[in-house]
Amino acid sequence: MENLDPEPPRPASPREWRLPSTLVLATLSAAFGSAFQYGYNIAVVNTPHKVLKSFYNETYLERYGTFMDEKVMLLLWSCTVSMFPLGGLLGSLVVGLLVDKCGRKKTLLINNVFAIIPAILMGVSKVAKAFELIIFSRVLLGICAGIAYSALPMYLGELAPKNLRGTLGTMTEVFVIVGVFLAQIFSLQAILGNPTGWPVLLAITGIPALVQLLSLPFFPESPRYTLIQKRDEETARQALRMLRGWADVEDEMEEMRVEGRAEQAEGRLSVLNLFTFRALRWQLISIIVLMAGQQLSGINAINYYADTIYVAAGVEPSHSQYVTVGAGVVNIVMTLVSAFIVELLGRRRLLLAGYGICGSACIGLTLVLLFQSTVPELSYFGVICVFAYIAGHSIGPSPVPSVVRTEIFLQSSRPAAFLVDGAVHWLTNFIIGFVFPSIQELIGPYSFLIFAGICLLTAVYIHLVIPETKGKTFVEINRIFAKRNGVEITEKKEEITEELYVGLFHSPQ
């Protein structure tokens, strides 16, 4: 059988490794105003939960003359937390339509409405004595995060040259982690996590949205979207020159034209088409596995158990919040490390190494939680396991899927694929939050063996199925998957240029 894999990519020239200021600033504007929102609002209600519950209780007392029943409080707080992933699911379901109709950049700009309005509502909720505003705002913030989590990687992946696509792709997760970390810092009781400061703490989420509204309009739309979907070649060329910092962009323009012809042959795909189209079968399965593995590998469970492990290791309960901040530092550092080495080591190595570390840490935590009562010294090993797990997840399973999901689909199928990808991400996020407490109650520490098994299975799938995408064009990556999908690519063998790849897939006779 003829080998359809492309030749190994040539080394990037010194010019290609430059980071033009326009590309850097566009990335910062887009990521700070979008991914930051996701991270910040995941973590912002965790540390000050007692203060917020007290506000709920006081408001209820003023209205009805009695304190809130514990079951009612539990229900309201569960709604406060769970409305965020529910909103995320809603956002993921509309993002495909938005990015197709409005473009990648305009979608990000429109999305700021879902951050600014809730920021105002939460900021005045104490004065208005209405905890319902917080719960409603969490739904809107979830929609914001759901749209951003799909639209941002799409935008950054299409802005980036192929030799920097991995680095820019990981910026989604970098800014999610920065958002989590700053939320942990601002939530400290000594700063804003107190009865007077919490309205400001919740309203801060509007600041990145305002920054993006004021800055992102000065940067170009995705050149790929402009050329392939809007068919505006001159605007796409100008955008590329602005983003690359040099005038000669014809090679990249030609690459996009090739992808455009492949799209014309393939046609625009809906979600239903995506599930029935043989030529994208393994790409679809791969993003489902990557996103499900990311959430089901235990990251939320580790966060749930972290305080218990810290206290068992001798950390005072009042000081555990500072250890959590230390874990946040590890998270940021390792995510940044991943951003810098993803183009050197490749996507597969980081994913496999990350899942290997996470699985080993889960096994270690199981042993610690089982035997720490009889061997107290194991408690310190528990803290090490938590930090090791966070480091492992931060170097591979957290940031790299954002890169791979952009790379393995062409322009025509990317919006539908990101809708599926986002839905899987938010559904599994919700499932873990809903099911894990029951699993933990039923089998206790053994629940981490389930996560270790999921880490192993995901790593095996990556090893067997997902190719290395570093340094390859979108069309080259699609060509690799075509072989696995059992389809052939029509091309004239006597011609050696990529231009002749027209993306015509058909089943072998």
Side-chain angles (χ1 to χ4, degrees), residues 26-27 29-42 44 82-122 136-159 168-169 171-176 178-180 205-213 215-217 219 221-222 225 229 270-271 287 291 294-295 401-402 405-406 409 411 413-430:
T27 300
S29 173
F32 180 61
S34 301
F36 180 92
Q37 304 283 10
Y38 180 6
Y40 188 85
N41 289 295
I42 284 175
V44 73
S82 62
M83 286 301 103
F84 185 72
L86 177 62
L89 178 60
L90 294 175
S92 71
L93 295 178
V94 301
V95 71
L97 178 65
L98 285 174
V99 295
D100 261 352
K101 298 296 183 184
C102 305
R104 283 58 164 147
K105 187 180 82 168
K106 286 183 181 177
T107 296
L108 294 175
L109 290 171
I110 293 169
N111 194 34
N112 288 307
V113 172
F114 296 108
I116 294 172
I117 291 176
I120 294 170
L121 293 178
M122 292 188 296
F136 175 67
S137 296
R138 295 282 293 173
V139 178
L140 296 181
L141 288 169
I143 293 173
C144 174
I147 293 173
Y149 195 70
S150 292
L152 178 64
M154 202 181 301
Y155 181 60
L156 296 182
E158 293 175 9
L159 289 189
L168 263 64
M171 289 299 107
T172 298
E173 193 63 28
V174 167
F175 276 85
V176 169
V178 169
V180 170
T205 190
I207 295 175
L210 287 172
V211 170
Q212 187 179 88
L213 273 177
S215 60
L216 194 59
F219 299 106
E221 175 59 273
S222 156
Y225 174 82
Q229 288 175 247
S270 66
V271 173
I287 62 163
M291 299 315 297
Q294 182 189 66
Q295 294 299 310
S402 292
R405 61 184 174 149
T406 301
F409 289 94
Q411 195 84 5
S413 51
R414 202 170 287 138
F418 271 58
L419 191 154
V420 174
D421 164 278
V424 171
H425 172 85
W426 290 104
L427 274 174
T428 51
N429 191 321
F430 178 79

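Since we're looking at a predicted model, the values are computed, not measured. Heads up: numbering here begins at 1 and tracks the sequence.
- The aromatic rings of Trp426 and Phe84 lie perpendicular to each other, with more than 60° between the two planes, well past the 30° mark.
- Note that the OH atom of Tyr149 and the CG atom of Asn429 stand 9.5 Å from one another [nearest 0.5 Å].
- To the nearest 0.5 Å, atom OG1 of residue Thr27 and atom CG of residue Leu156 are 5.0 Å apart.
- Using a 4.5 Å cut-off on side-chain heavy atoms (C-beta onward), Thr205 and Met122 make contact.
- Listed for the Arg138 side chain is a donor-acceptor partner under 3.5 Å among the backbone atoms of Asn41.
- For the pair Leu93 and Ala423, the tightest heavy-atom approach, listed with the atom from each and the gap, is CD2-CB, 4.4 Å.
- The two residues Pro217 and Leu109 make their nearest non-hydrogen contact at CD-CD2, 4.0 Å.
- Every salt bridge (charged side-chain N to carboxylate O under 4.0 Å, His left out) that Arg405 has, sequence neighbours left out, goes to Asp421.
- Nearest heavy-atom pair, Cys102 versus Ile110, reported as atom, atom and distance to 0.1 Å: SG-CD1, 3.9 Å.
- For the atom pair CD1 (Ile207) and CZ (Phe32), the distance works out to 7.5 Å, reported to the nearest 0.5 Å.
- To the nearest 0.5 Å, atoms CZ (Phe418) and CD1 (Ile287) are separated by 8.0 Å.
- Annotation for Ala30 and Gln212: closest pair O-NE2, 3.0 Å, computed over non-hydrogen atoms.
- Around CZ of Phe219, the count of heavy atoms belonging to other residues, nucleotides or ligands within 6.0 Å exceeds 12.
- Classification of the Phe36-Tyr40 ring pair by plane angle, with boundaries at 30° and 60°, yields parallel.
- Counting all heavy atoms, side chain and backbone alike, Met154 lies closest to Thr406 at N-OG1, 4.3 Å.
- To the nearest 0.5 Å, atom CG of residue Leu152 and atom OG1 of residue Thr107 are 11.5 Å apart.
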(request) Could you check Thr172 against Ser402 for side chain to side chain donor-acceptor pair (under 3.5 Å), going step by step and ending with a plain yes or no? (result) CA-CA 7 Å; Thr172 298; Ser402 292; 4.8 Å; no

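- Nearest heavy atom pair, residue Asn111 against residue Cys144, reads ND2-O, 2.9 Å.
- Interatomic distance, OG of Ser92 versus CE of Met291, reported as 10.5 Å (0.5 Å rounding).
- Leu86 has its side chain out of reach of Val139: every pair of non-hydrogen atoms, C-beta onward, lies at least 4.5 Å apart.
- One N or O on the side chain of Glu221 and one on the backbone of Lys105 form a donor-acceptor pair closer than 3.5 Å.
- With sequence neighbours excluded, no residue satisfies ring-ring contact (aromatic ring centres under 6.0 Å, His included) with Phe409.
- Side-chain contact annotation: Gln295 with Thr428, donor-acceptor N/O pair under 3.5 Å absent.
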